[in-house]
Amino acid sequence: AARAGGAALLAQSSVNVFGEHMGSGSGDGHDPFSGLRRLLGFDELPAGGSMLVGSNSRFRAMLEGIKDTDLARQLESLTELCEVLCMATEETLQTFSVDSFLPPLIRLVGFEASAEIMLLSCRAIAYIIEAIPGSSAAVVHFGSIPPLCAKLMAIEYIDVAEQALLTLHKISIEHAGQLLRARGIPAVLSYLDFFPISVQRTGMSTVANMCKRVTGDCLTLVIESVPQLSEMVLHTDGTLAEHVCTSFCRLVTSLSGSKDSLEQIAGQGLIPNVWKVVSSWLLSGSGSEDKKKEQHANANFGVELVSQLLQMLATLSSVSPKLCALILSQPDVGQVLRSKILVERLEAGGGEPSGSAAAVAERRRSSMEHSSKSSPQLLRAVMALTSALLPVLPTMPPRDTDGGKAAAGAAAKKGGKAKASGKTAAVAAAVAAAVAEGAALEREKKADEGMEQWRQNTDLLEGFGEQLLEAVLSMATLSIDSTVRLDSIVALCKLCYFMEQARIDALLPKHQVCELISALLASEGAQLRFAALLLVHDLMCKAGEDWLSLFTREGIVFMVQKLSSSKGKGVAAGKREEVRSPLSLASWAARSGASTTGHKGNSLQEVNEATLAAMLDFVCDKFFPASSADGEDSDEATPVVRELRRLGTVMIKSGEKGDEKAALASLAAIMGHFESSATVSTFEMQNSGVCENLMLFLARKGSPSGKDKGKAGGRA
C-alpha cells in the first residue's frame with residue numbers, strides 16, 4: 001500500500017510539472033498535452049489525443065449527411081468523403097465501415113436528380129476499392145455492378161459515365177466473372193467511342209479482364225460484341241489495339257475445347273484483321289521504305305503479343321478445318337511464315353543467293369541460328385502455326401495390321417498392370433483397351449477430316465507446302481530448340497504424307513532428308529524415332545525405288561532393321577557409331593537437347609515403346625525384309641561396300657606378295673571412288689573397312705617410291 005501510494009503521488013507531481021511547462025498560457029491547464037498538440041499543429045484534435053474517436057465521429061457525420069434528404073448536405077458530405085478517402089491512410093480508416101457506407105452510395109449512383117451527386121458517388125466507390133484492400137467483394141455484394149453498367153448503356157452525363165467505367169475497371173480486376181454475367185462487355189463497348197482515348201484504353205482493359213472468365217455457358221453474353229471487337233483490332237491507337245488482341249487471345253484460350261464456339265467468334269471478321277496485324281509486324285524491318293509506310297500502324301506490337309496472336313491462330317487451325325482454310329486463304333501466309341524461318345540475305349543485285357549449295361546452306365544455318373537467338377518465343381509460335389495449318393496425320397501403324405493390333409494390346413496390357421493386379425488386372429486391362437480404342441477412333445476420325453480438308457483445299461495446301469517444305473526441313477535439321485524442332489518434324493511428316501510425289505522430288509533435298517532421318521533414328525527418344533519411321537514410310541510409299549537405294553547407302557535400312565530386331569529398345573552405343581550420317585549424330589543430339597515430349601499444338605500421335613516397336617515391324621515387313629545371312633549379303637553390304645572391300649583385299653594381298661604395280665592399281669581404284677562426295681556415303685566408307693585396309697597397307701608396305709624405303713616399311 002505504501003509503494004502504491006508513493007507511485008500515485010509521483011505520477012501526479014509529474015503531470016503538474018508537465019502541465020506547467022507545456023500547458024501554460026493555453027487556457028486548458030488541466031490537459032498536460034495541449035501545449036504539445038499546439039506545437040505539432042494538432043489543436044483541432046480532441047483533448048487526450050483520441051484520433052480514433054475524432055475520425056469515428058467525422059465518418060458518422062458524413063454518413064448521416066449522405067443519408068439526408070437535403071441535396072446540399074448530401075453534396076457536401078460526398079465531397080468531404082471523397083477528399084478523406086483520397087488522402088486517407090491505414091490509420092485514419094480503421095473506424096471506416098464499408099458495410100455502412102456502400103448501400104447509400106450505391107443508391108445515389110442512380111440518383112437522377114443531381115448529376116454531381118451521381119458523379120461523386122461513383123468516385124467514392126472507386127476510392128473505397130483503392131483505399132481499403134478486399135473491399136471490392138463488398139462492393140459487388142451490395143449490388144454496385146448493375147447501376148454502374150446502366151450508366152454506360154444509356155449515357156445522360158458523359159462525366160458520370162466515364163467515372164462509372166473507371167469504377168467498373170477496378171471491379172473487373174478481381175471480380176471479372178460477376179461483371180461479365182451482368183452484361184459488362186456490351187455495357188463497356190456501347191458508347192466507348194464517346195470517351196477520350198485514355199478512357200477507351202481503360203475500357204478495353206476491362207473487357208480483356210472479363211474475357212478471361214468466358215465459358216461456353218456465357219458465350220451469348222459476348223457473341224454480340226464480337227463484330228465490334230473484330231473491327232477494333234485495326235484501331236489506329238496501338239495500346240487500344242493491344243488490349244483488343246489480348247481480349248481475343250484470352251477468349252480463344254478459354255474456349256479452346258469448343259469448336260462451335262470458336263467458329264462463331266472467329267468467323268465474324270476476326271481472322272483477316274488479325275492476319276493484317278501479324279503479317280504487318282512480321283514483315284516490318286524488311287523491304288523498301290515505301291512498303292514500310294504501307295505497313296499497318298500496329299507494326300510496333302511487342303514480340304510477346306504477336307506470339308500470342310500466332311498461337312491463337314494455331315489453336316483455331318487445329319480445332320476447326322473451316323477456320324484453318326480461312327487462315328490459309330489470307331494473303332501470302334506461307335511466304336510470311338517462311339520469312340521468319342529462313343532469314344535469307346539476298347545478294348545486292350537481287351535474286352536468289354549465289355554460290356555453292358554448301359555455301360547457301362551455311363548462310364541459312366547462320367541466319368536461322370541468329371533468328372532463333374533473337375526471338376525464340378516468336379519462332380516457336382511461327383512453327384506451331386505452320387504445323388497446325390496442315391491436316392492431322394492418320395494413326396500409324398494402321399490398326400487393322402498385326403503391328404497396330406499388337407501395339408494396342410501392349411498398351412492395354414501395360415495400362416492394366418499399372419492400375420491393378422490379380423483378379424482386377426483383367427478388368428483394368430479391358431478398361432485401358434477401351435480407352436485406347438476410343439482414342440484411336442477419335443484420331444482416325446480427325447485423320448479422315450484431315451484427308452477431306454486436303455482434298456477440299458488442295459491448291460491452298462499444295463502452295464503452302466511448296467513455300468514451307470524447304471524451310472521446315474532446314475529448321476528440323478538445324479534447330480536446337482526442342483519445341484521448334486518437334487513442330488518442324490511434325491510439319492515435315494505431314495507434308496511428305498499429303499503432297500504429291502513430283503513436288504516432293506522437286507523440292508526436297510534427298511541427302512538432307514537422309515541426314516535428318518539418320519539423326520532421328522540415332523536419338524534416344526521414342527517420339528523422334530517414330531517420326532523418322534513416318535518419314536521413311538511416306539517416302540517409300542511415294543517413290544520406293546528411288547529412296548530405297550539411298551536409304552540403303554546411308555545406313556537407314558540397316559539401322560531400322562537393327563532397331564526392329566531389338567524391339568525398339570535401341571542398340572549399343574558402339575553400333576550406333578557405325579551408322580553415323582555425314583554430320584555427327586552425337587553433336588546433333590547434344591545441340592538438339594534431350595526433351596522429346598510433345599506439347600499442345602503439334603499433332604503427332606502419342607508414342608510409347610509398344611507403338612514404336614509395332615511401327616518398326618510394320619516398316620520392316622513392308623519395305624525392308626531382313627537378309628537371311630550376314631557377310632556379303634548383309635544389309636551393310638551395298639555394291640559400293642562390296643567393291644571397296646574387294647579392292648582393299650586385293651591391295652593388301654598384292655602388298656604382301658610384293659606386287660607393287662597391282663597394289664598401286666587397287667589403291668588408285670579405291671581413291672577413284674572418292675573423287676566425288678556423291679559416290680561413297682559415310683556409312684559405306686565406315687562399313688567397307690577402307691580406312692583399316694589403307695592403314696594396314698601403309699604399315700606393311702611403307703612408301704612405294706623407293707626400294708630402300710619399301711624394305712624399311714616392310715620391316716616396320
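- Atoms CD1 and CD1, from Ile271 and Ile327 in turn, are 4.5 Å apart once rounded to the nearest 0.5 Å.
- Between the side chain of Ser205 and the backbone N or O of Arg201 there is no donor-acceptor pair closer than 3.5 Å.
- Within a 6.0 Å sphere centred on CD of Glu90, heavy atoms belonging to other residues, nucleotides or ligands number 12 at most.
- In this structure a side-chain-to-backbone donor-acceptor pair under 3.5 Å is missing from Ser387 to Met383.
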Problem - Stepwise side-chain hydrogen bond (donor to acceptor under 3.5 Å, both in side chains) test for Glu263 and Ser320 - result: CA-CA 7 Å; Glu263 288 182 348; Ser320 171; 2.6 Å; yes
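- Between Glu174 and Ser136, the side chains place a donor N or O and an acceptor N or O closer than 3.5 Å (distance only, hydrogens not considered).
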Problem - side chain to side chain contact (heavy atoms under 4.5 Å, CB included) evaluation trace for Thr206 with Met210 - result: CA-CA 6 Å; Thr206 305; Met210 287 186 278; 4.0 Å; yes
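- Taking each heavy atom of Pro331 and Trp275 in turn, the nearest pair found is O-NE1, 3.0 Å.
- Distance check: Leu108 CG to Leu78 CG gives 6.0 Å after rounding to the nearest 0.5 Å.
- Closest approach of Leu192 to Gly203, counting heavy atoms only: CD1-CA, 4.3 Å.
- Of all heavy-atom pairs between Phe301 and Ala241, the closest is CZ-CB, 3.8 Å.
- A salt bridge does not link Glu156 with Lys151: every distance from a Lys NZ or Arg NE/NH1/NH2 to an Asp or Glu carboxylate oxygen is 4.0 Å or more.
- No donor-acceptor pair closer than 3.5 Å links the side chain of Asn273 to the backbone N or O of Leu234.
- Asp68 places no side-chain N or O within 3.5 Å of a backbone atom of Glu64 that could act as its donor or acceptor partner.
- A 4.5 Å side-chain heavy-atom check between Cys122 and Leu148 finds at least one atom pair inside the cut-off.
- Here the side chains of Val244 and His235 are not in contact, with every heavy-atom distance at 4.5 Å or above.
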Practice task
For side chain to side chain contact (heavy atoms under 4.5 Å, CB included), just list the numbers for Cys149 and Leu179, CA-CA rounded to whole Å, side-chain angles, deciding distance to a tenth of an Å, and then say yes or no.
Solution key: CA-CA 9 Å; Cys149 290; Leu179 182 57; 3.9 Å; yes
Exercise for the section: Assess whether salt bridge (charged side-chain N to carboxylate O under 4.0 Å, His left out) is satisfied between Glu80 and Arg58, documenting all intermediate values. Expected result: CA-CA 10 Å; Glu80 184 180 4; Arg58 187 178 184 185; 3.0 Å; yes
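- Contact check for Arg250 versus Arg213: no side-chain heavy atoms found under the 4.5 Å cut-off.
- Phe101 and Phe96 have parallel rings, their planes meeting at less than 30° on a 0 to 90° scale where 60° marks the start of perpendicular.
- Surrounding NZ of Lys322 are at most 12 heavy atoms belonging to other residues, nucleotides or ligands under 6.0 Å away.
- Atoms NZ and CG, from Lys340 and Leu385 in turn, are 14.5 Å apart once rounded to the nearest 0.5 Å.
- To the nearest 0.5 Å, atom OG1 of residue Thr167 and atom CD1 of residue Ile145 are 11.5 Å apart.
- The closest donor-acceptor contact from the side chain of Ser121 to the backbone of Ile117 lies under 3.5 Å.
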Practice task
Assess whether side chain to side chain contact (heavy atoms under 4.5 Å, CB included) is satisfied between Leu102 and Ser144, documenting all intermediate values.
Solution key: CA-CA 9 Å; Leu102 282 177; Ser144 64; over 6 Å; no
Handout entry: Derivation and outcome, side chain to side chain contact (heavy atoms under 4.5 Å, CB included), residues Leu165 and Tyr191
Key = CA-CA 11 Å; Leu165 179 57; Tyr191 299 97; over 6 Å; no
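- For the pair Leu313 and Leu323, the minimum side-chain heavy-atom distance is 4.5 Å or more.
- The minimum heavy-atom distance between Leu93 and Phe59, with the atom names listed, is CD2-CZ, 4.0 Å.
- Here the closest non-hydrogen pair linking Cys82 and Leu120 is SG-O, 3.6 Å.
- Leu105 places a side-chain heavy atom less than 4.5 Å from the side chain of Leu81.
- Residues Gln330 and Lys276 fail the side-chain proximity criterion, which asks for heavy atoms closer than 4.5 Å.
- Looking only at side-chain heavy atoms (C-beta outward), Cys211 and Phe248 stay at 4.5 Å or farther from each other.
- Between the side chain of Ser375 and the backbone N or O of Gln377 there is no donor-acceptor pair closer than 3.5 Å.
- Counting heavy atoms of neighbouring residues, nucleotides and ligands inside a 6.0 Å radius, atom CD of Gln178 exceeds 12 of them.
- Going from atom CG of Leu328 over to atom CG of Leu460 covers 6.0 Å, rounded to the nearest 0.5 Å.
- Ion pair Arg183/Glu224 flagged as a salt bridge, since at least one NZ, NE, NH1 or NH2 atom sits closer than 4.0 Å to an Asp/Glu carboxylate oxygen.
- Side chain of Ser261 to main chain of Ser258: no donor-acceptor pair is present (N/O by atom type, distance under 3.5 Å, no hydrogens or angles).
- Gln74 places a side-chain N or O within 3.5 Å of a backbone atom of Ile66 that can act as its donor or acceptor partner.
- Here the closest non-hydrogen pair linking Asn209 and Ala176 is O-CB, 3.4 Å.
- Annotation: the span from Met232 atom CE to Asp237 atom CG amounts to 9.5 Å, rounded to 0.5 Å.
- In this structure a side-chain-to-backbone donor-acceptor pair under 3.5 Å is missing from Gln200 to Leu240.
- Of the possible donor and acceptor atoms, none in the side chain of Ser190 sits under 3.5 Å from a partner among the backbone N and O of Met153.
- Looking at Phe195 and Leu166, their side chains never come closer than 4.5 Å, going by heavy atoms from C-beta outward.
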